[in-house]
Chemist: 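First the structure, then my questions, so here it is.
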Amino acid sequence: NGTAFKRLALVASDTPRAEEAFAALSEQHEWVPLAEADAVVVLGGDGFMLQTLHAMIDAGRVIPAYGMNLGTVGFLMNDYREDDLLARLAAAERAVINPLRMRAASLSGAPR
């Protein structure tokens with residue numbers, strides 16, 4: 001879509017692979033805190049991507065998220081590569097994902 005984001009945030013799951021990638025990318029680009037960003041690069045797996053999306057929804061501020069797979073499944077994520085990150089962000093196709101949240105109760109009505 002050609003969008004160039006001016007302020008990017010970088011977040012990573014607490015897995016060793018994601019933390020290593022976070023350290024490498026931290027040195028290659030200028031990053032801002034998530035609250036100040038136009039878009040976020042998410043390092044981890046699908047679960048961490050969904051956690052990040054839910055956190056943005058809960059905060060009332062949802063911005064584009066570009067995920068790079070450093071988890072086990074990664075069907076929501078792009079392949080992890082350090083090179084040409086800004087060009088890949090600019091060329092990324094937008095996909096709208098609405099993460100689901102469920103509230104459940106036991107037979108007695110107690111929340112679960």
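Below, all heavy atoms of this structure are taken into account, side chains as well, without hydrogens, waters or symmetry copies. Quick caveat, the model's predicted, so the values are computed rather than measured.
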Chemist: Which atom pairs, one a donor and one an acceptor, fall under 3.5 Å between side chains of residues 8-17 and the rest of the protein, sequence neighbours left out?
Modeler:
unit_1	atom_1	unit_2	atom_2	d
Ser13	OG	Thr15	OG1	3.2
Thr15	OG1	Ala18	N	3.3

Chemist: Ile57, Val42: one ILVMFWY side-chain cluster at the under-4.5 Å cut-off?
Modeler: yes
Chemist: Are Phe5 and Val41 close enough, and set up right, to give a side chain to side chain contact (heavy atoms under 4.5 Å, CB included), and what steps lead you there?
Modeler: CA-CA 11 Å; Phe5 300 106; Val41 174; over 6 Å; no
Chemist: With sequence neighbours left out, what residues match Ala87 under side chain to side chain contact (heavy atoms under 4.5 Å, CB included)?
Modeler: Asp84
Chemist: How would you list, by chain and number, every residue that makes a side chain to side chain contact (heavy atoms under 4.5 Å, CB included) with Ile63, sequence neighbours excluded?
Modeler: Leu34, Ala37, Val40, Met56, Arg61
Chemist: A quick test of your reading: do over 12 heavy atoms of other residues, nucleotides or ligands sit less than 6.0 Å from CG of Asp58?
Modeler: yes
Chemist: Tabulate below the donor-acceptor pairs under 3.5 Å that side-chain atoms of residues 64-75 make, not counting sequence neighbours, or state none.
Modeler:
unit_1	atom_1	unit_2	atom_2	d
Tyr66	OH	Arg88	NH1	3.4
Asn69	OD1	Gly71	N	2.9

Chemist: Under the side chain to side chain donor-acceptor pair (under 3.5 Å) rule, collect the residues that match up with Asp83, sequence neighbours excluded.
Modeler: Arg81
Chemist: Hey, could you give me each pair passing side-chain hydrogen bond (donor to acceptor under 3.5 Å, both in side chains) that has a residue in residues 27-56? Not counting sequence neighbours.
Modeler: Arg7-Asp38, Gln28-Glu82, His54-Arg101
Chemist: Could you give all pairs that pass the salt bridge (charged side-chain N to carboxylate O under 4.0 Å, His left out) test and reach residues 63-75, with sequence neighbours left out?
Modeler: none
Chemist: With hydrophobic residues grouped by side-chain heavy-atom distances under 4.5 Å, do Leu86 and Tyr80 end up in a single group?
Modeler: yes
Chemist: Suppose the criterion is ring pair (Phe, Tyr, Trp, His ring centres under 6.0 Å): which pairs have a residue in residues 81-112, not counting sequence neighbours?
Modeler: none
Chemist: Is any side-chain heavy atom of Leu76 less than 4.5 Å from a side-chain heavy atom of Leu50?
Modeler: yes
